[in-house]
Amino acid sequence: MQDKLFIDGKWVDAQSGEKFDVVDPSNREVFHRIARGGAADIDAAVTAARKAFDYGPWPRMGGAERAAILRRMGDEIEARKDELARLEVRDNGKPLPEAIWDIEDTAGCFHFYADLAEKLDQNPEQDIPLSMDGFSSKAVKEPVGVAGAVIPWNFPMLMGAWKVAPALAAGCSVVLKPSEVTSMTALEFGIVAQKAGLPDGALNIVTGFGPDAGQRLAEHPGVDKLAFTGSVPTGRRIMQTAAQDIKAITLELGGKSPLVVFEDVKIDEAVEWVLFGIFWNKGEVCSATSRVLVAEAIYPKFMERLVEEARKIRIGHGLEEGVLLGPLVNQSQQDKVLAAIERGKTEDAKMVCGGGIPKGLEHGCYVEPTIFADVSPDCWIWKEEIFGPVVCVRSFKTEEEAIRLANDSRFGLAAAVMSNDLERADRVARAFRAGIIWVNCSQPTFVEAPWGGYKQSGIGRELGEWGLNNYLETKQITSYDRSKPWGWYLKE
Ligand code: NAD
């Protein structure tokens with residue numbers, strides 16, 4: 001297991017010599033110690049990235065050459081899938097099948113952006129018709145420069161891939177700052193990059209804490225673009241910091257995503273998507289189905305089945321066969337989620353399932369699948385992101401009421417609707433004020449499709465061609481046909 005920082009193609013200690021603990025959330029035991037990078041290490045990483053961008057081969061290569069290296073990175077991640085997934089389970093707690101899924105998606109993300117890097121060669125510039133004779137113009141895409149990437153702990157390697165792969169595909173150099181809570185698989189990008197032949201300095205990885213390493217990356221004048229995924233308060237701070245030197249930013253923030261279930265769907269089908277939507281990845285998902293609106297006609301039966309099935313969910317260590325809910329990422333997250341549940345118990349809502357630490361699992365950061373029914377839209381638990389296995393459910397009478405309640409949120413990351421009437425489903429999908437809409441499902445995410453939020457859920461879109469465009473500047477090059485003198489000042 002790696003324990004150093006990856007700067008300019010070399011593995012180095014933090015300049016302070018400090019390290020910090022890596023903790024397994026299934027038993028709260030320290031299993032490793034890694035370098036605690038600070039502002040000085042970020043400065044060194046940005047200097048390396050700047051040199052790689054301003055003078056190095058990476059941005060000057062053709063897209064096809066970059067694609068070959070990105071593909072090798074994807075192949076290497078794929079080849080080490082099982083090992084990397086097990087490392088993710090140890091660091092984050094998620095069940096192994098979900099970790100395998102993450103690593104497959106991580107490899108897929110590198111392969112996808114390798115294809116897009118190649119396409120940049122095929123269509124590098126666009127001719128622009130002009131209304132004035134004698135001039136011709138074209139738009140040219142160029143890498144934006146040095147990209148800083150700050151990521152959260154819920155999908156540690158995958159969130160890194162969503163930023164590193166498109167940034168490298170575009171020809172940018174990158175400084176990645178993983179979450180201090182889960183840094184292990186992010187460091188593996190360095191090993192993979194070295195093996196794939198990525199030029200020194202094109203990717204740099206600094207493990208460390210948000211207020212020092214993260215903050216320095218956000219404020220560093222050598223960084224041209226900052227891509228952030230995390231909470232709204234940190235996103236707000238990053239936006240303020242980046243405003244100092246008008247840094248380009250993308251923000252992928254939190255959510256409180258609704259799922260509207262109409263009376264014409266099979267109840268078990270809806271129950272399945274709600275369970276998946278809120279208990280997958282322990283509910284530590286930005287787009288988690290945390291608010292459920294169910295048509296009044298099926299509400300009692302739906303609640304009965306939801307609670308019945310939630311009680312059957314197997315909780316335990318992520319490597320145990322059949323486990324569907326692992327420990328939350330750390331003690332602090334467990335404390336936050338349990339406090340949110342306690343608050344919910346005092347509100348206008350009825351706790352009908354879970355609500356505590358599962359018996360026999362007190363040694364880890366576990367929380368039971370928890371369901372609140374009849375939740376009033378005024379409740380704190382209905383409005384705020386809990387980021388754990390806690391779902392709030394209430395009924396609705398009409399389509400208009402469902403849409404109004406769904407949209408009544410400061411967040412707008414995702415929303416979902418289930419109905420057999422596809423016209424109605426489409427109408428509701430279009431009425432939602434959110435960036436990602438699922439019809440008759442909830443959560444499946446595809447590298448080809450745009451990802452990002454409305455309102456306080458963020459700014460910009462990742463994934464697909466949108467993800468690549470985040471790391472490209474558009475330059476206008478306009479030429480004049482000198483056969484005719486311009487003659488504004490110098491008359492003949
Ligand atoms: P967080 O905001 O606490 O931390 C995210 C990252 O920011 C970490 O790397 C942290 O070290 C860094 N950071 C903290 N303070 C900083 C500062 N002052 N300057 C620069 N960097 C700083 O979030 P988290 O707890 O790691 O993640 C959970 C949050 O992320 C949830 O709100 C969740 O919804 C959101 N999230 C959103 C998406 C999305 O795609 N929209 C995806 C995953 C997670």
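Just follow the structure's listing: the first ligand is 1, and inside any ligand the first atom is 1.
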*asked:* Quick check on contacts: which atoms of ligand 1 are under 4.0 angstrom from a heavy atom of Val150?
replied: 6 (C), 7 (O), 9 (O), 12 (C), 21 (N)

_Check: Phe189 ring centroid to Phe110 ring centroid under 6.0 Å_ = yes

_Pair Glu83 + Arg86: basic N to acidic O under 4.0 Å_ = no

*Examine Gly210 against ligand 1 and note whether any of their N/O atoms are separated by less than 3.5 Å.*
yes

_Give me the residue, atom name and distance of the protein heavy atom closest to atom 32 (O) of ligand 1._
Glu385 OE1, 2.7 Å

*Tell me, do Ile278 and Ser290 make a side-chain contact under 4.5 Å, heavy atoms counted?*
yes

*asked:* I need the nearest protein heavy-atom contact for atom 8 (C) of ligand 1: residue, atom name and distance, please.
replied: Ile151 O, 3.4 Å

_Proximity of Gln215 to ligand 1 by residue part, where a heavy atom lies under 4.0 Å_ = both

*Measure the acute angle between the ring planes of Phe387 and Trp153, then classify it against the limits of 30° and 60° as parallel, tilted or perpendicular.*
perpendicular

*Hey, does Thr229 come in under 3.5 Å of ligand 1, counting only N/O atoms on both sides?*
no

*Distance-only, no hydrogens or angles: does the Glu462 side chain make a donor-acceptor pair with backbone N or O of Gly467 under 3.5 Å?*
no

_Any protein heavy atom < 4.0 Å from atom 41 (N) of ligand 1_ = yes

*Can we say Arg50 and Asp224 salt-bridge, meaning some charged N sits less than 4.0 Å from an Asp/Glu carboxylate O?*
yes

*Less than 3.5 Å between some nitrogen or oxygen of Gly230 and one of ligand 1, yes or no?*
yes

*asked:* So that I can tick it off, tell me whether Arg36 and Asp212 are bridged by a salt bridge, with the cut-off set at under 4.0 angstrom between side-chain N and carboxylate O.
replied: yes

*Backbone or side chain, does any N or O of Ser457 fall under 3.5 Å from an N or O of ligand 1?*
no

*Can a non-hydrogen atom of Phe155 be found less than 4.0 Å from any atom of ligand 1?*
no

*Please state which part of Pro178 comes within less than 4.0 Å of ligand 1, counting heavy atoms only: side chain, backbone, both or neither.*
backbone

*Could you establish whether Gly208 and ligand 1 come within less than 4.0 Å of each other, counting only heavy atoms on the residue side?*
no

*asked:* Below 30° counts as parallel, above 60° as perpendicular, anything between as tilted: where do the rings of Trp162 and Trp451 land?
replied: perpendicular

*Pick out which of Glu188, Glu104, Glu88 makes a salt bridge (charged side-chain N to carboxylate O under 4.0 Å, His left out) with Arg80.*
Glu188

*Could you check atom 4 (O) of ligand 1 against the protein and tell me its nearest heavy-atom contact, residue, atom and distance included?*
Thr234 OG1, 4.5 Å

*To the nearest 0.1 Å, how far is atom 24 (P) of ligand 1 from its closest protein heavy atom, and which atom is that?*
Trp153 NE1, 3.3 Å

*Examine Leu253 against ligand 1 and note whether any of their N/O atoms are separated by less than 3.5 Å.*
yes

*With a 4.0 Å heavy-atom cut-off (strictly under), which part of Leu413 contacts ligand 1: side chain, backbone, both or neither?*
side chain

*Quick one: are Val23 and Gln331 in side-chain contact, heavy atoms under 4.5 Å?*
no

*Numbering the atoms of ligand 1 from 1, which are under 4.0 Å from a heavy atom of Arg237?*
18 (N)

*Which protein heavy atom lies closest to atom 28 (C) of ligand 1, and at what distance to 0.1 Å?*
Phe387 CE2, 3.6 Å

*Kindly assign one of parallel, tilted or perpendicular to the pair Phe276 and Trp101, based on the angle between their ring planes and the thresholds 30° and 60°.*
tilted

*Tell me: protein heavy atom nearest atom 39 (C) of ligand 1, and distance?*
Cys286 SG, 3.2 Å

*Would you please indicate yes or no on a ring centroid separation below 6.0 angstrom for Trp438 and Trp273?*
no

*asked:* Among all protein heavy atoms in this structure, tell me which lies nearest to atom 23 (O) of ligand 1, with the distance rounded to 0.1 Å.
replied: Ser231 N, 3.4 Å

*For the residue pair Tyr366 and His363, does the interplanar ring angle fall in the parallel (under 30°), tilted (30 to 60°) or perpendicular (over 60°) class?*
perpendicular

*atom 43 (C) of ligand 1: which protein heavy atom is closest, and how many Å away?*
Asn154 ND2, 3.2 Å

